[in-house]
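What follows is a short report on a single structure.
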Amino acid sequence: MTSFEPTPDFAAQLDAQDPLREFRNQFYIPLGPNGQESVYMCGNSLGLQPRTARAAAERQFTNWEEMAVEGHFRGDTPWMNFHARLTEATARIVGANPLEVVVMNNLTTNLHLLLISFYRPTISRYKVLMESSAFPSDQYALESQVRLHGLSPDNTIVELAPRPGEHTLRTEDIVAKINELGGSLATVIMGGLNYYTGQVYDMAAITQAGHAVGAKVGFDLAHAAGNIPLHLHDWDVDFACWCTYKYLNSGPGGVAGAFVHERFANQPELLRLAGWWGHDEEERFKMRKGFRPMRGAAGWQLSNSSILTMAVHEAALAVHDAAGGMAALRRKSELLTGYLEFLIKRLELPETQLEVITPTNPAERGCQLSLLVHQNGRELFDHLMDAGIIGDWREPNVIRLAPVPLYNTFQDVQRVGVVLAEWAATQR
Ligand SMILES: *Cc1c(COP(=O)(O)O)cnc(C)c1O
């Protein structure tokens, strides 16, 4: 890994040795402005479409066409408990027992549902800890949850910011803040992998620290699920949620996931917003009064499943599994992102112009690198886009590039290096 080279031949050689090289062919690669396949570095925002996705959805169109309402109970994929078809593969992705996960709704919806159960402020214990640069939807969700309890966000939500001059949070500072808040801390809710910086937080350490002061701990895994290895059960995390359209390739607005630790599996009295799909399956259609939740995360379901998006999700999860799951993806991912990092360092641009704010330690990042471009950032972004490299721009001046091990190649990364070097040459 120390001996990367910037040449196309070297990149082609890495691709030839890549055990996952065939998986790119299982996705549609959008064309760039020059009519050639683009270099898609935006899987952190919307993963590419697996070629099997359309047929999976069409199969359900056919079931609907042929069986109509009977499709809930008949056919080879009865809709009545379709969510159960996704449980095993989902549990593998997040490191959970099948009982602990459920696929339902969308991400922010699931965040709200889980906060209802795991943010239960009392007179003395009411504060919430989150990272200062959390994704806006998470901030809005939390503010409104706090208001729901008649509290004011200003003296309830505690935001953790990096030290002056630093871009990422130190675990020791997160733990120190948790200890400082102590008995006033109700809930910690953070991104598992910060969407802006690409930093992976030490979820095990944060959970342990939170539990030590009696708080609940949850993570938004939008940028972590399908990107980094997760062990939610072993880390003892209380709750988590994620979307499936980023690194899980399940389509725009696709169905989302939720995790609730096993220790809450048999607590029907645990407060939640209830709906009929979370009600005991055996009795669901008896249409009786009195909510009796299913065991585990399934007991947080509200509505009957969104079958079309779930069918696509199932097809996408099958591709992840066929690739060998997170362990295999991670091996390639570290190499791929390491190569991108190598090419960026080679530009030898001063930090006053361009800094990678994502941690350099592979254990503290996923596939994404965030480039903080102090000068002419928008110009660089446009230059990349013109060259058919699709990344994304985050105000005020960050370019996020995410080489995804399932479908990106070392030659993709090499091309990014070439285009970055062209731009760097104009900056001196
Ligand atoms: C992508 C993302 C979202 C988006 O929320 P939706 O409910 O899926 O629209 C929310 N939070 C984080 C941290 C994200 O990365």
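Being a predicted model, the structure only gives us computed values, none of them experimental. Whatever order the structure lists ligands and atoms in, that order sets their numbers, starting from 1.
Aromatic ring centres of Y126 and H149 lie farther apart than the 6.0 Å criterion allows.
In terms of protein heavy-atom proximity, atom 14 (C) of ligand 1 is closest to K246 NZ, 2.9 Å. When hydrogens are left out, the protein atom nearest atom 12 (C) of ligand 1 is F135 CG, 3.3 Å; that is the closest non-hydrogen contact. Of the protein's non-hydrogen atoms, the one nearest atom 11 (N) of ligand 1 is D138 OD1, 2.7 Å.
The Y245 neighbourhood of ligand 1 comprises atoms 1 (C), 4 (C), 5 (O), 6 (P), 8 (O), 9 (O), with distances under 4.0 Å to a heavy atom of that residue. Of all atoms in ligand 1, listed by their number and element, those nearer than 4.0 Å to a heavy atom of H223 are 15 (O). Listed by number with element, the atoms of ligand 1 under 4.0 angstrom from any heavy atom of D220 are 11 (N), 12 (C), 13 (C).
A side-chain donor from one of T77 and Q60 sits under 3.5 Å from a side-chain acceptor of the other.
The side-chain heavy atoms of V102 and Q301, taken from C-beta on, include a pair separated by under 4.5 Å. In this structure the side chain of N194 never reaches within 4.5 angstrom of the side chain of L169, judged on heavy atoms.
With a 4.0 Å cut-off on non-hydrogen atoms, T108 touches ligand 1 through its backbone as well as its side chain.
To the nearest 0.5 Å, atom CZ of residue F61 and atom CZ of residue R54 are 11.0 Å apart.
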